[in-house]
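The block underneath contains the structure these notes are about, expressed in structure tokens.
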Amino acid sequence: MESPHTLSAKLEAILFWKAEPVSMKKLATLLDVGAKEVREGLAQLEQALTGRGLTLVRTDDEVMLGTSKEYSGLIEQLTKDELTRDLGKAGLETISIVLYQGPIARADIDYIRGVNSQFILRNLLIRGLVERVDNPADTRSFLYKPTIDLLSHLGVSKREDLPEFELVKKDIESFKEWSKSQEKTNG
């Protein structure tokens with residue numbers, strides 16, 4: 001059995017990396033320890049985070065890192081600033097992919113864009129433009145799809161009403177197939 005300090009550091013690393021709720025069972029599986037050790041490691045981590053900018057946020061069976069309540073005003077201001085900024089090219093690219101390909105996994109968005117889209121997706125989630133749903137094919141991941149608010153804002157009643165929906169959808173699929181064939185040829 002490893003020391004509680006080492007286990008709490010591993011828990012902290014996983015929770016930071018995931019940046020979303022993780023079940024206690026999943027943590028135990030990832031670290032190959034029992035539920036009791038996970039609880040002890042989380043208690044150690046919670047103690048270590050006291051007086052810091054982060055805290056543990058828990059439900060009955062899930063845990064994640066969150067901002068300490070002492071800094072909620074700061075984070076609220078930063079969020080407001082982020083929401084009032086333009087989406088930018090990366091945001092528009094990501095929304096387009098979600099609109100024309102969604103529901104779609106983040107890995108597929110990253111693949112199409114050629115870069116990590118985690119922060120762009122977070123921004124779009126905060127703005128209420130995309131939503132995250134469970135991936136029925138892989139319970140370890142999520143899919144992203146446009147929200148009703150986004151469709152309403154665009155003035156369409158369903159995705160199929162988007163300009164040149166079928167053509168753009170086919171173009172994206174063609175690009176993905178071409179790109180995969182290039183990888184096989186070059187790899």
Are the side chains of [X] and [Y] in touch, meaning some heavy atoms are under 4.5 Å apart?
| X | Y | value |
| --- | --- | --- |
| D171 | Y100 | no |
| L99 | L151 | yes |
| R113 | I120 | yes |
| L129 | T94 | no |
| L7 | E37 | yes |
| I112 | I104 | yes |
| V98 | L124 | no |
| K26 | E62 | no |

Just verifying a value: how many Å separate [X] [atom1] and [Y] [atom2], rounded to the nearest 0.5 Å?
| X | Y | atom1 | atom2 | result |
| --- | --- | --- | --- | --- |
| L65 | L56 | CG | CG | 6.0 Å |
| E131 | L150 | CD | CG | 10.5 Å |
| M64 | K18 | CE | NZ | 12.0 Å |
| T6 | Q44 | OG1 | CD | 9.5 Å |
| L74 | S68 | CG | OG | 11.5 Å |
| L121 | F142 | CG | CZ | 12.5 Å |

**Intermediate values then yes/no, side-chain contact (heavy atoms from CB on, under 4.5 Å), Y144 and L125** = CA-CA 9 Å; Y144 295 88; L125 284 163; 3.9 Å; yes
**Item:** Non-hydrogen atoms of G41 and S8 that approach each other most closely
**Value:**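 Residues G41 and S8, closest heavy atoms: O-CB, 3.2 Å.
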**Request:** Over all heavy atoms of both residues, which pair between A28 and A35 is shortest? Give the atoms and the distance, please.
**Result:**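 Closest pair (atom of A28, atom of A35, distance): CB-N, 4.5 Å.
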Please check this pair: side chain of [X] against backbone of [Y], looking for a donor-acceptor N/O pair closer than 3.5 Å.
| X | Y | result |
| --- | --- | --- |
| D134 | P136 | no |
| R159 | G102 | yes |
| D110 | N116 | no |

Taking atom [atom1] of [X] as the centre, report whether more than 12 heavy atoms of other residues, nucleotides or ligands fall under 6.0 Å from it.
| X | atom1 | value |
| --- | --- | --- |
| E164 | CD | no |
| I148 | CD1 | no |
| K145 | NZ | no |

If hydrophobic clusters are built by linking Ile, Leu, Val, Met, Phe, Trp and Tyr wherever their side-chain heavy atoms come under 4.5 Å apart, do [X] and [Y] end up in the same one?
| X | Y | result |
| --- | --- | --- |
| I97 | Y111 | no |
| L92 | V156 | yes |
| W178 | I109 | yes |
| L45 | V57 | no |

**Fill in**
salt bridge (charged side-chain N to carboxylate O under 4.0 Å, His left out) test vs E20 passes for just one of R122, R132, R106, namely R132
**Asked** Would E93 and K89 pass as an ion pair if we require N to O under 4.0 Å?
**Response** yes
**Message:** Applying side-chain hydrogen bond (donor to acceptor under 3.5 Å, both in side chains) as the test, list every pair that has at least one member in residues 45-59; sequence neighbours left out.
**Reply:**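 Residue pairs passing side-chain hydrogen bond (donor to acceptor under 3.5 Å, both in side chains), neighbours aside: E46-R58.
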